[in-house]
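Read the structure below first, then the notes.
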Amino acid sequence: MTPPSAEPVPRVGALDRRKFLAAVGGVAGVAALAQLPVDQANATPRTAGGNYPFTLGVASGDPTSTGVVLWTRLVPDLFVPGGGMPPTKVPIEWQIALDEGFRRIIRTGTTWALPELAHSVHVEVDGLAPDREWFYRFKYRSDVSPIGRTRTAPVRTGRHAEVKFAFASCQEWSSGYYSALRHMANEDLDLVLHLGDYVYEGGIPADGGYRKTPVPAVLQQAPRDVDRWRMQYALYKSDPDLQKAHARFPWMVTWDDHEVQNDYANNQSQYEGDITALRAAAYQAWYEHQPVRRPARPVGEGPRIYRRLQWGDLAQFDVVDGRQYRSIPPCGWGEADACEVGTTRRSRCSARPRRSGCTTA
């Protein structure tokens, strides 16, 4: 369990969704670029709450030596279908600057936020200089997002560049506060790798679990369709420490099992057999809430999230998909005993990595 935050969230009524939001708040292939600068007079981010649309913050990811993905989602009302947005596409303006004060803006444009993608946007920016930091923000109508900081990777020059990165995983919201992410955001990093289990698939306890923050009733049942999965991500991404870590560094993400169901393999589950529909809804919501590129969008034969990141001559990061193409386990699911070895030996290993070793009988 993550140690409790030094800044506990106030207790609120379980059915008072708007007060809860105030307490915890802190397209691929269809982008239409245009020169529509953000109004400098309205460039200060507004406080979350009310009809403010950038309640989930901003993020960047999948950096190359010439570009990066910029992400946000318009969701003024986190726990209703549609996120409180109209069922139509709307334009979002974006900017990239050399400085945090946006005095030296070098790129600007617009992209459509589509209702079929939960009004999320994935701006794939290219043509940037390598190995330097950049600042970005979004604007929808008169509202301006928080400012994000990102960076491009170095080019291969024959000299060993420097890379400072951290990794994270297994961030179950109801198991505690994200103190580790708060500390991460205060580090001087180039990149964050998220290894999976970004969300967990279960319903949220009525009292918020270890957070002791009552949640709306709609969150207390496990997600089964895409609208409910979107609310699960909205809850997690409303955490201010997670938002800060996303806004500070580019991330490179993959998924594991809990983004769909514990120990699932391909489209099969030990609990209910075929989970094709559940997996499709979960993958859709994952894409809508992550700063990933066009191939990760779940269309056609499904998303492709395995990819490679080159960091100059120093590092190569190969991101794998360990769930979508996995075969059904031949000898039982994740917490079952392993197969017999030969005819006289049987290996019995703990499925939990915290426990050590195996015994052979």
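- Between atom OG of residue Ser120 and atom CD of residue Gln290 there is a gap of 10.5 Å, rounded to the nearest 0.5 Å.
- Between Ile275 and Gln268, every side-chain heavy-atom pair lies at or beyond the 4.5 Å cut-off.
- Using a cutoff of 4.0 Å between basic side-chain nitrogens and carboxylate oxygens, Arg211 and Asp239 are scored as salt-bridged.
- Residues Trp251 and His246 are in side-chain contact: their nearest non-hydrogen atoms beyond the backbone lie under 4.5 Å apart.
- A salt bridge links Arg151 and Asp131; the closest N-O separation between the charged side-chain nitrogens and carboxylate oxygens is under 4.0 Å.
- A salt bridge links Asp207 to Lys212: at least one charged side-chain nitrogen sits closer than 4.0 Å to a carboxylate oxygen.
- One hydrophobic cluster holds both Tyr233 and Tyr178 under the rule that ILVMFWY side chains link at heavy-atom gaps under 4.5 Å.
- Here the CG atom belonging to Asn267 is positioned 14.0 Å from the CZ atom belonging to Arg326, to the nearest 0.5 angstrom.
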task = I would like to know whether Phe135 and Thr150 meet side chain to side chain contact (heavy atoms under 4.5 Å, CB included); could you show each step before the answer?
result = CA-CA 6 Å; Phe135 297 91; Thr150 190; over 6 Å; no
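- In plain terms, the two heavy atoms of Ser169 and Leu195 that are nearest each other are CB-CB, 4.1 Å.
- Side-chain atoms of Tyr271 and Asn262 include a donor-acceptor pair closer than 3.5 Å.
- The two atoms that bring Ile305 and Ala296 nearest to each other are CG2-CB, 4.0 Å, heavy atoms only.
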From CA spacing to verdict: side chain to side chain contact (heavy atoms under 4.5 Å, CB included), Arg294, His122 = CA-CA 8 Å; Arg294 186 175 296 110; His122 301 73; over 6 Å; no
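- If you chain together hydrophobic residues whose side chains sit under 4.5 Å apart, Trp229 and Val218 fall into the same group.
- Contact of the Trp311 side chain with the Gln316 side chain is not registered, since no non-hydrogen atoms from C-beta on lie closer than 4.5 Å.
- Under the 4.5 Å side-chain heavy-atom criterion for grouping Ile, Leu, Val, Met, Phe, Trp and Tyr, Tyr198 is connected to Val75 within one hydrophobic cluster.
- Side chain of Asp143 to backbone of Pro53: no donor-acceptor contact under 3.5 angstrom is found.
- Rounding to the nearest 0.5 Å places CG of Asn51 at 12.5 Å from CG of Leu74.
- Annotation: cation-pi geometry satisfied between Arg137 and Phe102 (NZ/CZ under 6.0 angstrom from ring centroid, within 45° of ring axis).
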task = Walk me through it: do Val125 and Ile96 pass the test side chain to side chain contact (heavy atoms under 4.5 Å, CB included)?
result = CA-CA 9 Å; Val125 182; Ile96 296 181; 3.5 Å; yes
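- Of the residues Tyr283, Tyr287, Tyr306, the one that meets the ring-ring contact (aromatic ring centres under 6.0 Å, His included) test with Trp255 is Tyr283.
- Put simply, the side chain of Val292 reaches to within 4.5 Å of the side chain of Trp286, judged on heavy atoms.
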request  = Check step by step if salt bridge (charged side-chain N to carboxylate O under 4.0 Å, His left out) holds for Asp313 and Arg156.
outcome  = CA-CA 5 Å; Asp313 297 293; Arg156 305 189 71 166; 3.5 Å; yes
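- Of the possible polar contacts, none joining the Glu201 side chain to the Glu259 backbone as a donor-acceptor pair under 3.5 Å is found.
- Note on Val319: it does not cluster hydrophobically with Val253, by side-chain heavy-atom contacts below 4.5 Å among ILVMFWY residues.
- Within the 3.5 Å criterion, the main-chain N or O of Ser145 finds no donor-acceptor partner in the side chain of Lys139.
- Residue pairs meeting the salt bridge (Lys or Arg N to Asp or Glu O under 4.0 Å) criterion with at least one partner in residues 213-234, sequence neighbours excluded, are Arg224-Glu272, Asp227-Arg230, Arg230-Glu288.
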Verdict with reasoning, Thr213 to Val215, per side chain to side chain contact (heavy atoms under 4.5 Å, CB included) = CA-CA 6 Å; Thr213 302; Val215 301; 5.5 Å; no
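- Here NZ of Lys164 is found 5.5 Å from CG of Asp190. Values are rounded to the nearest 0.5 Å.
- Criterion: ILVMFWY side-chain heavy atoms under 4.5 Å apart, direct or through other members. Under it, Leu191 and Met184 are not part of a common hydrophobic cluster.
- Across every non-hydrogen atom of Leu181 and Ala245, the tightest pair is O-CB, 4.0 Å.
- Taking the six-membered ring where tryptophan is involved, the planes of Phe138 and Tyr136 are perpendicular, since the angle between them exceeds 60° and thus also 30°.
- By the 6.0 Å contact criterion, CZ on Arg308 is open, its count of non-hydrogen atoms from other residues, nucleotides or ligands being 12 or less.
- Taking both residues in full, the closest heavy atoms of Ser60 and Leu70 are given as CB-CD2, 4.1 Å, listed atom of the first, atom of the second, then distance.
- Between Thr152 and Glu133, the closest side-chain pair of non-hydrogen atoms is not below 4.5 Å.
- In this structure, Phe167 places its CZ atom where only 12 or fewer heavy-atom neighbours from other residues, nucleotides or ligands lie under 6.0 Å away.
- Separation of the Phe317 and Phe165 ring centroids falls under the 6.0 Å cut-off.
- If you take CG on Asp188 and CZ on Arg248, they are separated by 7.0 Å, rounding to the nearest 0.5 Å.
- Within the 3.5 Å criterion, the main-chain N or O of Gly109 finds no donor-acceptor partner in the side chain of Gln95.
- Listed for the Gln261 side chain is no donor-acceptor partner under 3.5 Å among the backbone atoms of Ser269.
- A heavy-atom distance below 4.5 Å is found between the side chains of Leu235 and Trp173.
- Residue-environment remark: CD (Gln221) stays at or below the threshold of 12 foreign heavy atoms within 6.0 Å.
- Side-chain contact between Ser238 and Leu78: present, with at least one pair of heavy atoms (C-beta onward) separated by less than 4.5 Å.
- Side-chain contact between Arg103 and Leu98 is absent, with no heavy-atom pair separated by less than 4.5 Å.
- Looking only at distances, a side-chain donor or acceptor of Gln232 sits under 3.5 Å from a matching main-chain atom of Gly202.
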task = Could you walk me through whether Glu172 and His258 pass the side-chain hydrogen bond (donor to acceptor under 3.5 Å, both in side chains) test, one step at a time?
result = CA-CA 9 Å; Glu172 186 175 21; His258 288 291; over 6 Å; no
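- In this structure, Arg73 is not positioned above the aromatic face of Trp71 in the sense of NZ or CZ being under 6.0 Å from the six-membered ring centre and within 45° of the axis.
- A distance of 5.5 Å separates CG of Asp257 from CG of Asp263, quoted to the nearest 0.5 Å.
- Residue Arg323 is tested with Asp256, Thr254, Asn266 for a side-chain hydrogen bond (donor to acceptor under 3.5 Å, both in side chains); the sole match is Asp256.
- What you find for Ile147 and Glu100 is that their closest heavy atoms are CD1-O, 3.5 Å.
- The two atoms that bring Tyr236 and Gln171 nearest to each other are CE2-O, 3.0 Å, heavy atoms only.
- Using a 4.0 Å cut-off between charged side-chain N and carboxylate O, Arg293 and Glu124 make a salt bridge.
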